[in-house]
Engineer: 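Pasting a structure here, questions to come.
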Amino acid sequence: MTNRHIAASVTNLRLKFPDDPQLRFKDLSISFEKGEKVLLLGPSGCGKSTFLQVLSGLIPSSIEVPVKTEDIQLPQSWGYVFQDPDTQFCMPYVDEEIAFVLENLCVPRQEMPTRIKALLAEVGLTFDDLHTNIQTLSGGMKQRLAIASVLALEPDVLFLDEPTAMLDPEGSKSIWDTVKNVSDEKTLLIVEHKLEHVLDLVERIVLFNQNGEIIADGEKGYILTHYKSTLKEHGVWYPGVWEDYLRSRTKPLMNDPRAEIVFDLQGFQGLRKKDPAITVPSATITTGEWITITGANGAGKSTLLLSLMQFLKTKGTYTLFGNSVKKTRNVTEYLTFVFQNPEFQFVTNTVYDEVAYALRIEQMDEQFIEEKVNERLECFGLNGLRKHHPYQLSIGQKRRLSVAASIIKNPPVLLLDEPTFGQDSRNTFALLEMLEEYRVNGTTILMVTHDEEIVKHFATRVWKIDDGQLTSDYFNVEKELVNA
Amino acid sequence: MNLDLTIKKTWLYKINPSLKLLVMVLLFIGVLFVHQLNMIVYGTLSALLLLILFSGHPPKRLALLSIPFIIVFVSTASSMILFGKGDTTWFKWGLIHITEESFYRGIHLGFRALVFATLGLTFSLTTRPVYLFYSLMQQVKLNPKYAYSFMAGFRLIPIMIEEFQTIRNAMVVRGVQQQKGIRSFYFKLKSYSIPLLSQSIRRAHRIAVAMEAKRFSEVKKRTFYYKIGFSGYDVVFIVSWVFLIGAAYYLSLNVPILPTGDVRYE
């Protein structure tokens with residue numbers, strides 16, 4: 001049965017992943033009208049992305065997963081934009097990537113250059129030379145290029161699977177503006193948990209629960225007002241999530257006033273290929289400070305952390321607890337670093353061993369290790385997962401594990417590179433609160449972030465980096481601290 | 001990580017890549033049948049001439065890239081020189097036995113390795129992989145499935161190098177380098193390879209799905225953004241090789257550099 005007004009529909013969908021004991025979807029039925037703009041919401045791991053892949057036909061044609069339906073109507077023409085900007089392209093240059101799609105559609109070669117220019121113009125990308133290396137583009141530009149190459153398919157239905165999950169706020173905004181511009185007549189099916197910009201775009205919201213069942217489906221205003229607590233529980237970044245959180249949180253505590261100087265930087269420079277990539281003219285940092293480092297993409301925020309870790313060559317004065325770093329053989333005794341991708345830091349086969357690793361290297365007593373690790377697993381909510389392989393955890397759990405494993409030895413300084421990146425609101429708040437607890441106990445935290453709200457409510461001090469220079473350094477007065 | 005080798009595009013870049021590959025393969029095979037020492041020396045010199053004059057890369061970079069090949073030259077040549085068979089002894093000490101015959105055969109082997117390296121370097125430095133695969137699809141009718149898989153794979157290499165550096169830093173943070181002994185070597189190998197592999201497999205899978213989402217399919221019919229054909233440069237390339245080989249042959253007969261002919265040991 002096909003209906004002319006229906007863009008895509010499915011009746012009694014059943015789907016099961018080979019390793020799962022349960023069905024991911026059991027008798028799921030839904031249909032989408034032509035021209036509808038729909039947002040799919042649900043907790044992470046509920047199968048929203050899988051659902052988009054079924055509706056586009058990618059499952060089972062490209063991704064082999066057993067699936068059964070009573071009736072399915074796939075869109076005639078569709079385009080799919082994925083989450084990760086680095087794994088959407090198969091060609092090295094901008095023009096070649098769009099040409100790849102045009103080649104697949106058998107567009108004559110002579111027409112390609114004009115089509116490529118038109119498609120790029122549609123998503124607001126202009127290049128002096130179309131033959132630009134994709135690796136040199138920012139994340140936001142890459143995702144707009146992904147949209148342009150998908151538009152080459154002239155799709156009626158656009159599937160957007162968290163296209164901004166890996167982007168900073170500026171990049172995210174540019175993506176949703178672009179989608180708005182190009183989607184006039186099109187049907188949009190969107191999975192996204194940061195609602196800030198996407199809400200202007202959609203009319204209808206479908207809400208899933210943990211078991212992949214639809215618990216609500218309706219007009220956006222209705223869903224937002226009637227299901228707010230569900231959204232909160234699912235970690236959705238709905239409008240007003242920060243206000244709700246701040247209302248419920250306890251006031252941050254003042255830390256021990258007997259602060260000690262941790263870092264002393266004078267004319268400090270981090271070098272990349274012998275050129276200074278980051279310069280800190282003069283700064284001292286004490287215990288119990290939480291410094292957020294903000295700035296545009298490529299300004300040198302991560303470079304600063306890498307320089308402090310001595311992963312890059314550095315110049316100038318850099319003293320750590322009164323000792324020159326040149327004389328300190330190993331800064332890792334004082335500093336620990338949490339990388340953006342937690343997987344890179346995992347070295348063992350179970351969650352328990354991962355946390356115990358740093359202590360075992362020190363050859364501490366096994367009983368002492370057990371006590372310490374258990375306490376930490378409890379505190380990070382990983383107790384039930386102790387025998388799991390780190391790679392089997394969800395993204396939020398992986399992040400918590402990487403932090404837990406890094407700070408087991410209680411290092412006095414914690415460096416974090418966008419630890420809340422791509423995380424849902426629940427995981428974000430949980431992680432921030434854990435960090436806050438450490439700070440109150442005297443740990444110094446330096447954290448790269450793009451999130452203005454985190455800066456406002458958690459930082460005690462704010463650093464701004466412009467073009468490889470620390471340009472602004474002030475104490476955050478908005479964060480009120482109370483005496484313990 | 002910067003892998004961008006900016007260069008001047010010389011006429012070697014404008015040769016049809018499939019033809020260039022074919023000529024190189026023929027030369028590789030041909031070199032195996034050259035036993036005249038002077039012939040191979042002159043052959044190597046002509047290949048070097050082409051590389052240095054027309055690859056468009058600065059001499060400094062070429063010198064840097066040649067370092068491993070010089071090492072190959074020395075190691076292949078020296079083992080034959082020191083341990084090869086021969087009658088006219090120059091030097092003998094224990095197992096080491098240098099003879100006139102083994103010396104020249106060693107030099108010959110070294111040059112053979114060197115000419116392979118020079119030809120290979122000339123080819124890879126003057127050919128963009130994307131053009132090579134477009135040409136192979138158009139001239140040799142290579143299945144697009146393989147061509148695009150390779151091109152997508154090339155994109156992953158710089159990403160993997162960057163990742164390797166990140167993992168190395170992460171290992172320092174975790175204190176992995178503090179472990180000592182043979183077991184720690186195995187441990188380190190595992191700590192590097194598992195995240196690298198798992199990321200790459202995941203990435204490759206995602207790219208494959210993204211390619212199919214852009215309607216890349218088994219259907220062979222498709223158009224090409226780059227039309228790679230033949231030009232006068234291809235003729236120049238073939239003629240120049242005929243000339244260079246001819247010249248090497250003539251010079252090896254008339255102006256020999258080394259006082260020996262066939263290096264095979266009967």
Side-chain angles (χ1 to χ4, degrees), chain A residues 53 56 58 61-63 78-80 82-84 86-93 95-96 99-109 112 116 133-135 146 149-150 152-153 159 273 306 309 311 330 332 335-341 343-348 357-358 361-362 391 405-406, chain B residues 1-4 128-130 134 144 148-149 151-156 158-159 162-163 165-179 187-188 190-192 194-196 198-199 202-217 219 221-227:
Chain A
Q53 286 163 352
S56 61
L58 280 175
S61 76
S62 299
I63 306 168
W78 52 272
Y80 204 117
F82 298 84
Q83 210 177 81
D84 183 354
D86 277 322
T87 57
Q88 310 218 19
F89 308 118
C90 66
M91 302 296 286
Y93 289 90
D95 55 339
E96 290 171 356
F100 169 71
V101 186
L102 299 175
E103 288 174 356
N104 293 339
L105 302 172
C106 288
V107 171
R109 192 173 68 86
M112 286 185 188
I116 293 171
N133 195 331
I134 296 178
Q135 267 336 92
S149 60
V150 153
L153 300 163
F159 295 98
K273 291 192 174 168
L306 294 173
M309 286 304 293
F311 289 148
N330 215 345
T332 50
L335 315 184
T336 192
F337 190 105
V338 180
F339 287 82
Q340 220 177 66
N341 183 344
E343 281 191 7
F344 291 149
Q345 285 183 287
F346 297 148
V347 291
T348 65
Y357 180 77
I361 280 194
E362 304 280 300
Y391 280 52
S406 310
Chain B
M1 186 70 203
N2 185 16
L3 277 180
D4 187 26
R128 237 197 105 200
V130 169
Y134 267 88
Y148 285 93
S149 311
M151 289 192 272
F154 273 111
R155 253 183 61 81
L156 289 179
I159 300 178
E162 217 166 288
E163 232 165 54
Q165 286 167 337
T166 310
I167 294 173
R168 201 172 54 187
N169 291 342
M171 294 298 135
V172 173
V173 172
R174 295 303 306 277
V176 169
Q177 84 282 33
Q178 291 172 31
Q179 283 191 344
F187 186 82
K188 277 176 201 163
K190 220 176 60 175
S191 321
Y192 279 99
I194 289 176
L196 264 182
S198 83
Q199 282 288 342
R202 215 172 302 166
R203 219 171 257 142
H205 181 242
R206 285 196 202 133
I207 291 180
V209 172
M211 283 167 77
E212 288 189 20
K214 290 174 184 171
R215 310 298 188 276
F216 182 66
S217 64
V219 186
K221 198 173 169 318
R222 60 187 293 119
T223 50
F224 294 106
Y225 181 52
Y226 295 123
K227 187 171 183 298

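Scope of the values below: all heavy atoms of this structure, side chains included, with no hydrogens, waters or symmetry mates. Treat the numbers as computed from the prediction; the structure is a model and nothing was measured. Numbers restart at 1 for each chain; the letters A, B, ... are given by sequence-line order, proteins then strands.
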Engineer: Could you pull out the closest heavy-atom pair between A:L102 and B:T223, with the gap in Å?
Structural biologist: O-OG1, 4.0 Å
Engineer: Please give me the minimum heavy-atom distance between A:P92 and B:R128, naming the atom from each residue.
Structural biologist: CG-NH2, 3.7 Å
Engineer: Where on B:M171 is there a heavy atom nearer than 4.5 Å to chain A: the side chain, the backbone, both, or neither?
Structural biologist: side chain
Engineer: Heavy-atom cut-off 4.5 Å, strictly under: side chain, backbone, both or neither for B:K190 against chain A?
Structural biologist: side chain
Engineer: For a quick test of reading the model, state the closest non-hydrogen atom pair linking A:F344 to B:Q199 and the distance between them.
Structural biologist: CE2-CG, 3.9 Å
Engineer: Does the side chain of B:Y134 come under 3.5 Å of the side chain of A:E96 through a donor N or O and an acceptor N or O?
Structural biologist: no
Engineer: Give, as side chain, backbone, both or neither, the part of B:R215 having an atom under 4.5 angstrom from any heavy atom of chain A.
Structural biologist: both
Engineer: If you round to the nearest 0.5 Å, how far is CD1 of B:I207 from CZ of A:F82?
Structural biologist: 11.0 Å
Engineer: Measure up the B:F187 and A:Y357 rings against each other and bin them: parallel (under 30°), tilted (30 to 60°), perpendicular (over 60°).
Structural biologist: parallel
Engineer: Between A:Y391 and chain B, with a heavy-atom cut-off of 4.5 Å, which part of the residue counts as in contact: side chain, backbone, both or neither?
Structural biologist: side chain
Engineer: Considering only heavy atoms, which portion of A:T87 lies under 4.5 Å from any heavy atom of chain B: side chain, backbone, both, or neither?
Structural biologist: both
Engineer: Any idea which of A:L335, A:V101, A:L153, A:T336 has the most non-hydrogen atom pairs under 4.5 angstrom with chain B?
Structural biologist: A:L153
Engineer: Which heavy-atom pair separates B:Y225 from A:A99 by the least distance, and what is that distance?
Structural biologist: CG-CB, 3.3 Å
Engineer: Let me know if B:R202 has heavy atoms under 4.5 Å from chain A in its side chain, its backbone, both or neither.
Structural biologist: side chain
Engineer: To the nearest 0.5 Å, what is the distance between CD (B:E162) and CD (A:Q135)?
Structural biologist: 7.5 Å
Engineer: Measure centre to centre between the rings of B:Y226 and A:Y93, then say whether the value is under 6.0 Å.
Structural biologist: no
Engineer: Sort A:N341 into side chain, backbone, both or neither according to what part of it lies under 4.5 angstrom from a heavy atom of chain B.
Structural biologist: side chain
Engineer: Could you report the tightest heavy-atom contact between B:E212 and A:S61, atom names first, then the distance?
Structural biologist: OE1-O, 4.1 Å
Engineer: Is the shortest side-chain heavy-atom distance between A:L306 and B:N169 below 4.5 Å?
Structural biologist: yes
Engineer: Which atoms of B:S149 come close to chain A, meaning under 4.5 Å heavy atom to heavy atom: side chain ones, backbone ones, both, or neither?
Structural biologist: neither
Engineer: Please flag which part of B:V130 lies under 4.5 Å from any non-hydrogen atom of chain A: side chain, backbone, both or neither.
Structural biologist: side chain
Engineer: Using non-hydrogen atoms and a 4.5 Å limit, figure out which bit of A:S149 sits close to chain B: side chain, backbone, both or neither.
Structural biologist: side chain
Engineer: How long is the span from the CZ atom in B:R174 to the CD atom in A:Q345, to the nearest 0.5 Å?
Structural biologist: 6.5 Å
Engineer: Which atom names give the shortest non-hydrogen contact between A:Y80 and B:A213, and what distance separates them?
Structural biologist: CB-CB, 4.2 Å
